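Here the structure is laid out as structure tokens; the discussion comes afterwards.
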2 protein chains.
Amino acid sequence: MGSTARQSPWRKAEERERERGAKREAVLHAAVQFFNERGFHATSLDDVATSLNVTKPTIYHYFANKDEILFECVRLGLESIRQAAETVESRGGSGLERLTALMRDYAVIMTKDFGMCVTRTADHELSIEGRAKFRALKREIDLIVRRVVEVGMADGSIGHGNARMMTFTLTGALNWIARWYDPDGSGTPEEVADACVATLVNGLAPRASRKKKA
Amino acid sequence: MGSTARQSPWRKAEERERERGAKREAVLHAAVQFFNERGFHATSLDDVATSLNVTKPTIYHYFANKDEILFECVRLGLESIRQAAETVESRGGSGLERLTALMRDYAVIMTKDFGMCVTRTADHELSIEGRAKFRALKREIDLIVRRVVEVGMADGSIGHGNARMMTFTLTGALNWIARWYDPDGSGTPEEVADACVATLVNGLAPRASRKKKA
DNA sequence: ACATCTGTATACTGACAAGTATAGGACTTA
DNA sequence: TAAGTCCTATACTTGTCAGTATACAGATGT
């Protein structure tokens, strides 16, 4: 190694493209941290550019506009969740077991930059088209989770109820992690995830003996 | 009635003050709806003014600046929650019973304009001073809820665990209601609240028989 | 009648930040 | 070494609002 003998221009082009991708990613990483900390509107692209030792036009060389940057951040977060959800859905175990695993992965993602961004970004911050795609992706995830809940209700591992409402309640608790989790605070992402999931799975009563409300 | 005989200027001043208060409230009500729908930054005070058939300087006659308006909206929401929490805390019943009642009231508030505003407003949208008060109020509420959780753990009506994390998980699910509840959709605030609370209290398993994790 | 206070409008300033026009340096390929 | 392409910077335009200076109308109190 070290010789880097190159004959074909192909390899070169590929390499250049890879570098371009790396720079795009760097922008996204810098941007998402600003967005999470200060919010989308309060973050200027000059800030982002400066933090990367470049200027604004450079960023515009990689992205069409500010909205695209936000959307990509959100999309990355949502894709992580969807992937985790899909993986878990199609694996073995009872509905409850699958749902528990899904929630745990979901919770961990919520402690990461791009996951946080999903929760912290409101619909109206995205462009019209971005908003539609955002909603579609969220809905897709919601349906996967709901399906797992329904599997659990069918196989008896999860109590009966309104699956839609139950899904919203569970994912709500998980989404909210992104609003209070502090990486510098106590608890690793995994510990936090386990604690949350345990509360959601077990409910509040100490062990058995729940009456009230059929 | 109808004669409106007035002799003392006292009554007059008082009345004027009441009217001033009513107008302030009207501004807050108009503003909070814009904030919830479009977000704080995307709402211009011209929008708010126009919707009230006045102009911007009129609004500045009642509020020092835009930040104050947002803060008042958030404060109203947080005060509702705190009041509900305090009322419930100091009443009878087991910890679990009290917590259940608290969560129900909390959930209902989250479906209302000012409650929604609390969840939809991020720290960084408030002024520095507003942010501090915001956090203080939220912390106060958090501590009340946590105390009720601990009462429940002590009296045996709630299973043992990390009260802090449990509180975050529960209130997270409730807070998130403000992000998905649709007043025009199916389900009254009370129905939604009951469903969420039921999920949180009961957990997922169908009835008894929970093992795993002490 | 006169001085004042309250509420409102018209018309402006000032700041900030998104996005762009333009140029030039560096690398690629021939 | 020349043509073309990619990447980046300087310096600008532009739109949008928050916030304000000023004026005026009507009610209040003397």
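Owing to the predicted nature of the structure, the values given are computational and were not obtained by experimental measurement. Every chain is numbered from 1 and lettered A, B, ... according to where its sequence line falls, protein lines coming before strand lines.
Between A:Phe40 and B:His41, the distance separating the two ring centers is not shorter than 6.0 angstrom.
Rounding to whole angstrom units, CG of residue B:Leu52 and P of C:dT8 are separated by 11 Å. As rounded to whole Å, 15 Å separates atom P of D:dC17 from atom CD1 of B:Ile69. Look at OH on B:Tyr60: it is 18 Å from P on D:dT22, rounded to the nearest Å. Note: NE2 (A:His41) to P (D:dT16) measures 12 Å, nearest angstrom. Note: CZ (A:Phe40) to C1' (C:dC16) measures 15 Å, nearest angstrom. The CG atom of A:Asp46 sits 13 Å away from the C1' atom of D:dC12 (whole-angstrom rounding). Separating the CZ atom of B:Phe35 from the P atom of D:dC17 is a distance of 13 Å, rounded to the nearest angstrom. Rounding to whole angstrom units, CD1 of residue A:Ile59 and P of D:dC7 are separated by 15 Å.
Relative to the ring axis of A:Tyr181, A:Lys112 does not place its NZ or CZ within 45° and under 6.0 Å from the centre.
The phosphate of C:dT6 has neither OP1 nor OP2 within less than 4.0 Å of any side-chain N or O from B:Arg20.
Ring orientation note: the planes of A:His29 and A:Phe114 are nearly perpendicular, at an angle over 60° on the 30°/60° scale.
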Set out, line by line, the N/O atom pairs under 3.5 Å between protein and nucleotides 8-10 of chain D.
| from | atom 1 | to | atom 2 | distance (Å) |
| --- | --- | --- | --- | --- |
| D:dT8 | OP1 | A:Lys23 | NZ | 3.1 |
| D:dT8 | OP2 | A:Tyr62 | OH | 2.8 |
| D:dA9 | OP2 | A:Thr55 | N | 2.7 |
| D:dA9 | OP2 | A:Thr55 | OG1 | 2.7 |
| D:dA9 | OP2 | A:Thr58 | OG1 | 2.7 |

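Residues forming a side-chain contact (heavy atoms from CB on, under 4.5 Å) with A:Thr169 (at least two apart in sequence, or on another chain): B:Ala173, B:Cys196, B:Thr199, B:Leu200.
Side chain of B:Asp47 to backbone of B:Thr43: no donor-acceptor contact under 3.5 angstrom is found.
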message: Test side-chain hydrogen bond (donor to acceptor under 3.5 Å, both in side chains) on A:Asn65 and A:Tyr60; report intermediate values, then the result.
response: CA-CA 7 Å; A:Asn65 50 46; A:Tyr60 279 93; over 6 Å; no

